[in-house]
Structure formats: C-alpha cells, structure tokens
Amino acid sequence: MNPVLAELHEKARAVLDPVHYDFFTGGAGDEVVLADNEAAFRRRALLPRVLRGKGNSPEFPVLISPTAFHKLAHPDGELATARAAEGATLVSSTASTVPIADVVAAATGPVWFQLYLQPDPEVTEELVRRAERAGCAALVVTVDSPVFGRHRRDIAHGFHDLPAGLAAENMRDLPGTTGLRKIEMAPFTWADIDRVRELTSLPLWLKGVLHPDDAVLAVGHGAAGIFVSNHGGRQLDVVPAALDALPAVVDAVGGRIPVVLDGGVRSGADIALALALGASAAGIGRPVLWGLAADGEAGVRKVLDALRDEFEHVLALCGGQLSRDMVVVRC
Ligand SMILES: Cc1cc2nc3c(=O)[nH]c(=O)nc-3n(C[C@H](O)[C@H](O)[C@H](O)COP(=O)(O)O)c2cc1C
C-alpha cells in the first residue's frame, strides 16, 4: 500500500467513531472478497519494457468511486471531497449527505452522478433530473445491488440509520422516501436501463459488472462505459476479485466502450496493473474516505496526490508503456 494511504488509514481509524469506521471499512459476509480485491494485485507482477524513452503518460487515470455518507467521515462531507477532486472525476453517490447540486458547485473537476434505480420510476426520473440540473457529466447506474449486502460489522453494532441531523440529501424530500437512510433497492432488469437511457442524453455507465456476457449486454443497451466492480466486497462475498474479473470483461467489450476497474486499488502500481490489464482508469473507494476522515479536503488531496505521484513514477520505470503482455503471475 502507498505509505501516505496507510498513514491516513491509521489516522482515520483513530479519529472515527468505531461504528462509522467499521461501516466505511467493512465488507459483506466473511469479508473474503474485501481481502481478495487487494490480494489480487499482489498476485501479479509487471514485466517492464526497457529502452523506450519516457513513453506517453496518460492523464491521471483515476476516478473517485461513489461512496455514501461522507459527513460521517468529516463535517464538510462531500463538499470537501468535491473540492479536493482536482483532475479526478468524482462519482457522487445517490446516498450523499450533501445535495448533488451543491457537490457539483463545489467541485473543481467533472462530477458524475451514481444512481440507484428506485422502485418508483418517478423517483428515479427526479433523481436523473436533479443530476442533469446540477450539471453532472454522466450517470453511473449501480447494477450489483438488487438487495443490500449483509455487513456483519454493521449488524453487530446495530448500525442501520444515520445520526440525527444527517440525511441522504438527494432522497429525503422525494415521495415515499421519508426515512433518513431510505435508499430502496429492487430487482431491476435491462428494460429499466433502457428506460433511463430514454430519459436522458447523459452518457450512461453501469457499475458492478463482473460477467463478460453482461458486459456485452451493456454495450448492446447503449452503455457509455462500465465499472468492473464487486462494490468493494460489500455485496456477494463469493465473487472474484475485481482485478481477476477484469481481463475477460475487457476481451468481451473489445474496445467498444471504456472499462474502469474498481476495488482494492491502494497504490500507483495497482493503477498501473489495472491499466495494463485493459482498464481505462481505476476507481478509488475507501482510501478517499480515509483521507476525508483523517484531514478533510486536505486529506483527500493527499490521497490523490500520492497516487498520482506514485503512478507516474511506476509508469516511468515501465518505460511509459502498459500492456497485457507485461503482466505475469507472481510465483
Ligand atoms: C462506505 C462505502 C460506501 C459505498 N457506497 C456506495 C454507493 O453509495 N454507491 C455505489 O455504487 N457504490 C458504493 N460503494 C462502493 C464503491 O463505489 C466502490 O465500488 C468500492 O468502494 C471500491 O473498492 P475500494 O473501497 O476497495 O476502493 C461504497 C463503498 C464503501 C466502502
């Protein structure tokens, strides 16, 4: 792990209420997938090319993945994350504790809206309209959550609602969503994706694709891109690590749309491995929350700066080039 991230993680553990620390850090079930997401990077090595000069450095290929309830980490919540997200696209959660319009107003770079489809299609439509009015540049529909994963840490703590004064701000005034933490899930289908497609001209990404056949369906249903993601090990605790699922999805998509790798990325080398295996960018979840909890906006900046600096260094050591033939299994 990048040492800056490791230090911020320790600081976050020290300052956060243990219940909230466990909410941010934990996974589903036995947390097998949570651990495997990181371990999958350690199972691989990069074979650098030599004598290639500097190569062409891609722009910082990182997105801030959508995570809920940033005000549990820091009083400035998503506003701090948005201010810090320079150069990295911020994917803002349906379950943010700041309304999407305020997130976009505070942001220094592009903001995408992560959408949980709602059982009431009018509520879904209103969320899409809010994202459009706010000026979001894309929608990211999360498709791996027909029901919530079972997080044993949260169950043990009895953590199932936000503290008084905090709310899922995008939702709380919508019909049928009176509760504080009322993000409804339901078993949606590809027809629901088509309906969102027809609702808006915003590029529509799908997050939480693991099966190559679903990646092909995503292309057919007009997705602008996909996130290969297991929700950071928070949904089904028997799936492959996100990195292990990536190559088959990249092959199935065949370059028709970009594929983001999300889950377990903790260093510049991890970003390089994801890109070498065909990802267009890496999504970062928990490390942003650690930075936010440890030091607010400055902490999120530290996370992004450390990853940017380390990625550029790794890339330079690789001759400025990343491709699948450069990835080998560590023995
Ligand atoms: C505390 C927490 C809250 C999350 N909330 C959301 C969410 O609201 N919507 C969503 O699509 N994904 C959510 N995720 C999943 C992240 O977008 C991302 O897939 C995951 O964190 C990536 O793994 P990483 O934490 O190892 O980087 C959440 C993850 C965490 C840790």
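Order of appearance sets the numbers: ligands from 1, and atoms from 1 within every ligand. The first residue of the sequence shown is numbered 1, and numbering continues consecutively from there.
In summary, K302 and E7 do not engage in a salt bridge, as defined by a charged side-chain N under 4.0 Å from a carboxylate O. In this structure, R195 pairs ionically with D192, as a charged nitrogen and a carboxylate oxygen lie closer than 4.0 Å.
Under the 3.5 Å distance criterion, with hydrogens and angles disregarded, a donor-acceptor pair is assigned to the side chains of N2 and E310.
For ligand 1, residues of the protein lying within 4.0 angstrom by heavy-atom distance are F23, F24, S65, P66, T67, A68, S93, Q114, Y116, T142, K207, S229, H231, G232, R234, D262, G263, G264, R266, I284, G285, R286, L289.
Note: H70 and F24 fail the aromatic proximity criterion, with ring centroids not under 6.0 Å apart.
To the nearest 0.5 angstrom, E86 atom CD is 9.5 Å from L304 atom CG.
For the side chain to side chain contact (heavy atoms under 4.5 Å, CB included) test, residues two or more places apart in sequence or in another chain that qualify with A241 are D36, N37, A40, R43, D244.
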